[in-house]
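What follows is a set of notes on a single structure, which appears directly below.
Computed over heavy atoms, backbone and side chain alike; hydrogens, waters and symmetry mates excluded. So you know, we letter chains A, B, ... as the sequences are listed, proteins then strands, and number each from 1. Note that this is a predicted model, so its numbers are computed, not measured.
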Number of protein chains: 2
Amino acid sequence: MNNPARRQRPTIHDVARVAGVSRGTVSRVLNGGHHVSPAAAEAVNAAIRRTGYVVNRHARSLITGRSGSAAFLLTEPQERFFEDPNFNVLLRGCTQALAAHDIPLLLMIAGSRDEQRRIVRYVTAGHVDGVLLVSSHTGDPVAAQLARAGTPVVACGKPMDPRAGRLAHVAADDREGAREMVRHLLSAGRRRIATIAGPQDTPGGVDRLAGYREVLAEAGLPFEETLVETGDYGRAGGRACAERLLARHPDVDALFVASDLMARGALEALGDAGRSVPGDVAVGGFDDSSAALASAPALTTVRQPWDRISQEMVRVLLDRIAGEDTSAVILPTELVVRETA
Amino acid sequence: MNNPARRQRPTIHDVARVAGVSRGTVSRVLNGGHHVSPAAAEAVNAAIRRTGYVVNRHARSLITGRSGSAAFLLTEPQERFFEDPNFNVLLRGCTQALAAHDIPLLLMIAGSRDEQRRIVRYVTAGHVDGVLLVSSHTGDPVAAQLARAGTPVVACGKPMDPRAGRLAHVAADDREGAREMVRHLLSAGRRRIATIAGPQDTPGGVDRLAGYREVLAEAGLPFEETLVETGDYGRAGGRACAERLLARHPDVDALFVASDLMARGALEALGDAGRSVPGDVAVGGFDDSSAALASAPALTTVRQPWDRISQEMVRVLLDRIAGEDTSAVILPTELVVRETA
DNA sequence: CAGATTCATGTGAACGTGCACAGCCTGTAT
DNA sequence: ATACAGGCTGTGCACGTTCACATGAATCTG
């Protein structure tokens, strides 16, 4: 009766008035409920329900200096990620894991130099509490700038740059995954095992190749440079690599390929060369993106636990925001045996 | 020298002091620069550069009531979208189109009832200025609640619900796309053209079937119910539908399939039945998700302009936020002729 | 030239919340 | 009975910005 007709959203004042307590008490109930009598807490909660009050995050952020939100930042040539179905699993997993903590996720794509600048400014201005970073690049400049500004950052995948050793990250155990696959090939009786490695400026590429070499060595097989080709993770590249390998070593009986896309290309090359899979040549891939690339024959591959990776990324990020210093989490991969090996 | 060692982020006060003007003037420069003399504006800009000032959005939002951010909301059984590579194009397009306006994008996934509630509360609390909605569902309850609360919402794809006529949306012209494809089949001399339609509770499913019927009628061909099967947009469904069609009408010479996934399934069925494509039977798909599903033979299909759709969604949303009432945008599709038709 | 109009600028008051501090009450030990 | 401790509660202030209003100067109008 004292107000104009227009109705505003209820504030903490309204709740306090309805509950018959002070703003401070309402605020305490909202943030953990310590030092509040049960009776007051109940009255406040009832008032919140009755008024339909919901906290104004802007006002809260203004005073606390924290935003209550996190960013999912993509700095890589984005195409590779947006084409990878596993990327979606990661993005969705992070979104939902954060949602469970009532933290909204901002999606940011740093393509151009200009976008990078804008994003760094936005983040370092404190409009985001932390950053989940996806970048397979060596020594990402954006990551460095954010880290320098003190923003909690958790990367997906092992950073290549040794200087970035302090960058928190969550990754699958590429090396052990590769080892498991090569052991699987060995146990199936294969002895001439070639590999199509990933780019050697990505940690995944390096570690998967390392795993391959180690297991061969442990099995007492000689390592031959000529059994190694290096591709670009893409389908066409995989095909070309396989063709070169076949030309050089017609006697190969197994192929460990560092990505499913390349493995698909290799399968095409093998088909063209008249080899049967897995009869003549066994093929093992990596990534388990095959679900989307599904076509016969079903690819045996190494699955990275993307759902768990996303959960751990969020956990580590929240830890870092809270001031704890969890640094690196390495998660086990899983060998998925299908038809090709 | 008057401060403790700790250095704060520069505020609008600092800029004003450095520039030798008042806060109000700085604020005016920041928001459009009207009613500011060129000299003052230049001084302010110089001060901003010197101090490294960046606006505190929380403080701004607190007073303006607007957040300067938008949400990308997914309410559908999410799997279908996350598996569709076109979805990524849409998501990326929206992110970048908004970034050009310096508006960050929040990704929200409304899976459970509980998540829906949380999201509605968050959005209606004014923490987001507008919502880009992806939902092929009939009469989405979340959309209805948001619209009722007055939040600007722009949907992707035509809403099914007639009540939702007022819901702004951007969609490809499914009907015309279907018409074009069927005309293409006719012009290649096909006369027994069957169709595998999409679910008839989705607008796309309805419109694509309507386009098919119209063109047949215009060509003077009789419409036969038995030439229509209805699938679920999925691969297995497409295969089953094709098998039933072939059993019923061994003489079909063309198949218009309402999704590429179903078309892939249909190709398998045709292969099993010993029909050559496009020799015996021409196949036309829809969606152009084939890029990711690539395998021989390359699918002739109808491409929806997802990049333009995302741009238009953002444009319409910004219009709505600004108070204008752009309601619906329909964009033309593009026939992509490859090998199967 | 008086009055009206426009424009550039400064000033105070919010916006809604969390936090520090002070005061209150109750119970217990001296 | 008094002092003290400790938990509960209320109050003022600050956060950084925008907006409405006031002021003074400059320009226009007849």
Side-chain angles (χ1 to χ4, degrees), chain A residues 3-4 6-45 47-48 51-69 102 122 124-127 129, chain B residues 3-4 6-45 47-48 51-69 102 122 124-127 129:
Chain A
N3 265 6
R6 165 180 68 101
R7 196 62 223 122
Q8 297 283 13
R9 210 178 308 286
T11 78
I12 205 172
H13 290 87
D14 302 320
V15 176
R17 189 166 31 75
V18 170
V21 299
S22 74
R23 301 174 351 244
T25 302
V26 177
S27 176
R28 277 184 286 266
V29 171
L30 256 40
N31 308 27
H34 304 302
H35 295 271
V36 176
S37 68
E42 183 42 44
V44 168
N45 283 322
I48 289 175
T51 54
Y53 168 79
V54 24
V55 65
N56 184 326
R57 293 182 180 229
H58 301 309
R60 171 182 287 174
S61 299
L62 178 58
I63 180 114
T64 61
R66 283 199 282 175
S67 70
S69 62
D102 210 22
Y122 185 87
T124 55
H127 293 120
D129 292 340
Chain B
N3 266 6
R6 161 180 71 101
R7 195 63 221 121
Q8 298 283 12
R9 211 180 307 286
T11 76
I12 205 171
H13 289 87
D14 302 320
V15 176
R17 191 167 29 76
V18 170
V21 298
S22 74
R23 300 173 351 247
T25 303
V26 177
S27 176
R28 277 184 285 265
V29 171
L30 255 39
N31 308 30
H34 303 302
H35 295 271
V36 176
S37 70
E42 182 42 45
V44 168
N45 283 322
I48 289 175
T51 54
Y53 167 80
V54 25
V55 66
N56 184 327
R57 291 181 183 231
H58 301 309
R60 170 183 287 173
S61 298
L62 178 58
I63 180 115
T64 60
R66 283 198 282 175
S67 70
S69 62
D102 208 24
Y122 185 88
T124 56
H127 293 121
D129 292 341

[X] [atom1] - [N] [atom2] separation (whole Å):
X       : N      : atom1 : atom2 : result
B:His13 : C:dT11 : NE2   : P     : 11 Å
A:His58 : C:dG18 : NE2   : P     : 14 Å
A:Ile12 : C:dC19 : CD1   : P     : 11 Å
A:His34 : D:dG7  : NE2   : C1'   : 14 Å
A:Arg66 : C:dC19 : CZ    : C1'   : 14 Å
A:Arg17 : D:dT11 : CZ    : C1'   : 18 Å
B:Leu62 : C:dA13 : CG    : P     : 18 Å

Checklist line | Short side-chain to backbone donor-acceptor contact, B:Asp14 and B:Thr11, under 3.5 Å | finding: yes
Can you tell me if [X] touches the phosphate of [N], counting only side-chain N or O atoms and a distance under 4.0 Å to OP1 or OP2?
X       : N      : answer
A:His35 : D:dG7  : no
A:Thr25 : D:dG10 : yes
B:Thr64 : D:dC19 : no
A:Thr11 : C:dC15 : no
B:Ser37 : C:dA8  : no
B:Ser22 : C:dG10 : yes
B:Asn56 : D:dC15 : no

Next item on the list: Ignoring hydrogens and angles, answer whether the base of C:dG18 and the side-chain atoms of A:Arg23 contain a donor-acceptor pair closer than 3.5 Å.
Entry: yes
Item checked: Most 5' of B:Tyr53 and A:Ile63 on DNA chain D, judged by nearest nucleotide -> A:Ile63
Margin query: If you assign each of B:Arg28 and B:Arg57 to its closest nucleotide in DNA chain D, which residue comes earlier from the 5' end?
Written below: B:Arg57
Note to self: Once rounded to the nearest 0.5 Å, what's the spacing between atom CZ of B:Arg17 and atom OG1 of B:Thr51?
What the structure shows: 9.5 Å
Note to self: Can you tell me how far apart OG1 (B:Thr64) and CG (B:Asp129) are? Round to the nearest 0.5 Å.
What the structure shows: 8.0 Å
Notebook entry, point to check: Looking at the side chain of B:Val36, which of C:dG10, C:dG18, C:dT9 is the nearest nucleotide?
Noted result: C:dT9
Next item on the list: Decide yes or no on side-chain contact (heavy atoms from CB on, under 4.5 Å) for A:Ile48 and A:Asn45, but give the supporting numbers first.
Entry: CA-CA 5 Å; A:Ile48 289 175; A:Asn45 283 322; 4.2 Å; yes
Checklist line | Flag side-chain contact, heavy atom, 4.5 Å: A:Arg28 against A:Val21 | finding: no
